[in-house]
Amino acid sequence: MKKGLILYFSVYGTAKLVAEEIARQTNAELMEIEPVVPYDSDRNHYNSLARLAKREHDTDMRPQIKNRLPLEDYDTIFIGYPMWWYTFPMIIYTLFEAYDFSGKTIIPFNTHMGSGDGGTYKTIKELCPGANVLKGLPIEMSDAEGGAENAIKNWLENINYQVLT
Ligand SMILES: Cc1cc2nc3c(=O)[nH]c(=O)nc-3n(C[C@H](O)[C@H](O)[C@H](O)COP(=O)(O)O)c2cc1C
């Protein structure tokens with residue numbers, strides 16, 4: 001069996017912290033989903049990011065991904081993102097349209113401030129009917145900033161994730 005891959009998209013760094021902790025516990029490869037046009041990560045500019053994200057959502061945009069993601073080399077792929085306007089950022093739609101996840105195991109996780117996974121794990125199942133989508137892990141932003149080590153450990157045990165070296 002091949003090693004797992006952790007893909008994540010993160011602007012304020014909390015989904016990244018979760019991704020890094022998953023990598024630490026699983027030995028899976030870590031890879032950021034990088035947008036062609038970077039988002040403003042200054043939390044003082046939240047309102048303008050919120051407006052941009054809303055516009056992207058309402059116009060059904062597909063922000064482009066800058067880097068090539070070597071999915072063909074992996075069978076098991078964690079996918080992490082923040083909750084934006086009650087769903088995932090539109091770049092995650094770009095990901096699912098640009099890459100074929102058929103035959104792969106997808107393990108979603110996300111950060112949020114109260115919306116949980118916002119129904120996105122179900123959306124992933126709908127967008128990737130040929131993939132096996134395992135139970136995801138929603139983590140509150142403040143918990144993510146605290147490391148979320150135990151929540152991640154319990155979740156990985158719960159989904160029976162096999163750590164490969
Ligand atoms: C544009 C925007 C929209 C957001 N919408 C939601 C939301 O609908 N529900 C929610 O629980 N949190 C929402 N949040 C909070 C983020 O999900 C939370 O801050 C998350 O930890 C950010 O992840 P990141 O640090 O990886 O970028 C939103 C944040 C931003 C910037």
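Each residue takes its place number in the sequence, starting with 1. Indexing begins at 1, ligand by ligand and atom by atom, following the structure's order.
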K.L.:
Which atoms form the tightest heavy-atom contact between I33 and F9, and what is the distance?
P.N.:
O-CD1, 3.6 Å
K.L.:
Before we go on, tell me: are the rings of F88 and Y93 under 6.0 Å apart, centre to centre?
P.N.:
yes
K.L.:
Could you give the N/O to N/O pairs under 3.5 Å linking ligand 1 and the protein, each with its distance?
P.N.:
from: ligand 1; atom 1: 5 (N); to: M83; atom 2: O; distance (Å): 3.4
from: ligand 1; atom 1: 5 (N); to: W85; atom 2: N; distance (Å): 2.9
from: ligand 1; atom 1: 8 (O); to: W85; atom 2: N; distance (Å): 3.2
from: ligand 1; atom 1: 8 (O); to: Y86; atom 2: N; distance (Å): 2.7
from: ligand 1; atom 1: 9 (N); to: S115; atom 2: OG; distance (Å): 2.7
from: ligand 1; atom 1: 11 (O); to: M113; atom 2: N; distance (Å): 2.8
from: ligand 1; atom 1: 11 (O); to: G114; atom 2: N; distance (Å): 3.2
from: ligand 1; atom 1: 11 (O); to: S115; atom 2: N; distance (Å): 2.9
from: ligand 1; atom 1: 11 (O); to: S115; atom 2: OG; distance (Å): 3.1
from: ligand 1; atom 1: 12 (N); to: M113; atom 2: N; distance (Å): 3.2
from: ligand 1; atom 1: 14 (N); to: M83; atom 2: O; distance (Å): 3.2
from: ligand 1; atom 1: 17 (O); to: M83; atom 2: N; distance (Å): 3.3
from: ligand 1; atom 1: 17 (O); to: M83; atom 2: O; distance (Å): 2.7
from: ligand 1; atom 1: 21 (O); to: T14; atom 2: OG1; distance (Å): 2.7
from: ligand 1; atom 1: 21 (O); to: T111; atom 2: OG1; distance (Å): 3.3
from: ligand 1; atom 1: 23 (O); to: T14; atom 2: OG1; distance (Å): 3.0
from: ligand 1; atom 1: 23 (O); to: T111; atom 2: OG1; distance (Å): 3.1
from: ligand 1; atom 1: 25 (O); to: Y12; atom 2: N; distance (Å): 3.4
from: ligand 1; atom 1: 25 (O); to: G13; atom 2: N; distance (Å): 3.1
from: ligand 1; atom 1: 25 (O); to: T14; atom 2: N; distance (Å): 2.7
from: ligand 1; atom 1: 25 (O); to: T14; atom 2: OG1; distance (Å): 2.5
from: ligand 1; atom 1: 26 (O); to: S10; atom 2: OG; distance (Å): 2.6
from: ligand 1; atom 1: 26 (O); to: T14; atom 2: N; distance (Å): 3.4
from: ligand 1; atom 1: 26 (O); to: T14; atom 2: OG1; distance (Å): 3.4
from: ligand 1; atom 1: 26 (O); to: A15; atom 2: N; distance (Å): 2.8
from: ligand 1; atom 1: 27 (O); to: V11; atom 2: N; distance (Å): 2.9
from: ligand 1; atom 1: 27 (O); to: Y12; atom 2: N; distance (Å): 2.7

K.L.:
Please find the pair of heavy atoms, one from T14 and one from E145, that lie closest to each other, and give the distance.
P.N.:
CG2-CG, 3.5 Å
K.L.:
Keeping R43 on the side-chain end and S41 on the backbone end, is there a donor-acceptor pair under 3.5 Å?
P.N.:
no
K.L.:
Salt-bridged, K16 to E32, with N to O below 4.0 Å?
P.N.:
no
K.L.:
With sequence neighbours left out, what residues match A50 under side-chain contact (heavy atoms from CB on, under 4.5 Å)?
P.N.:
Y46, W85
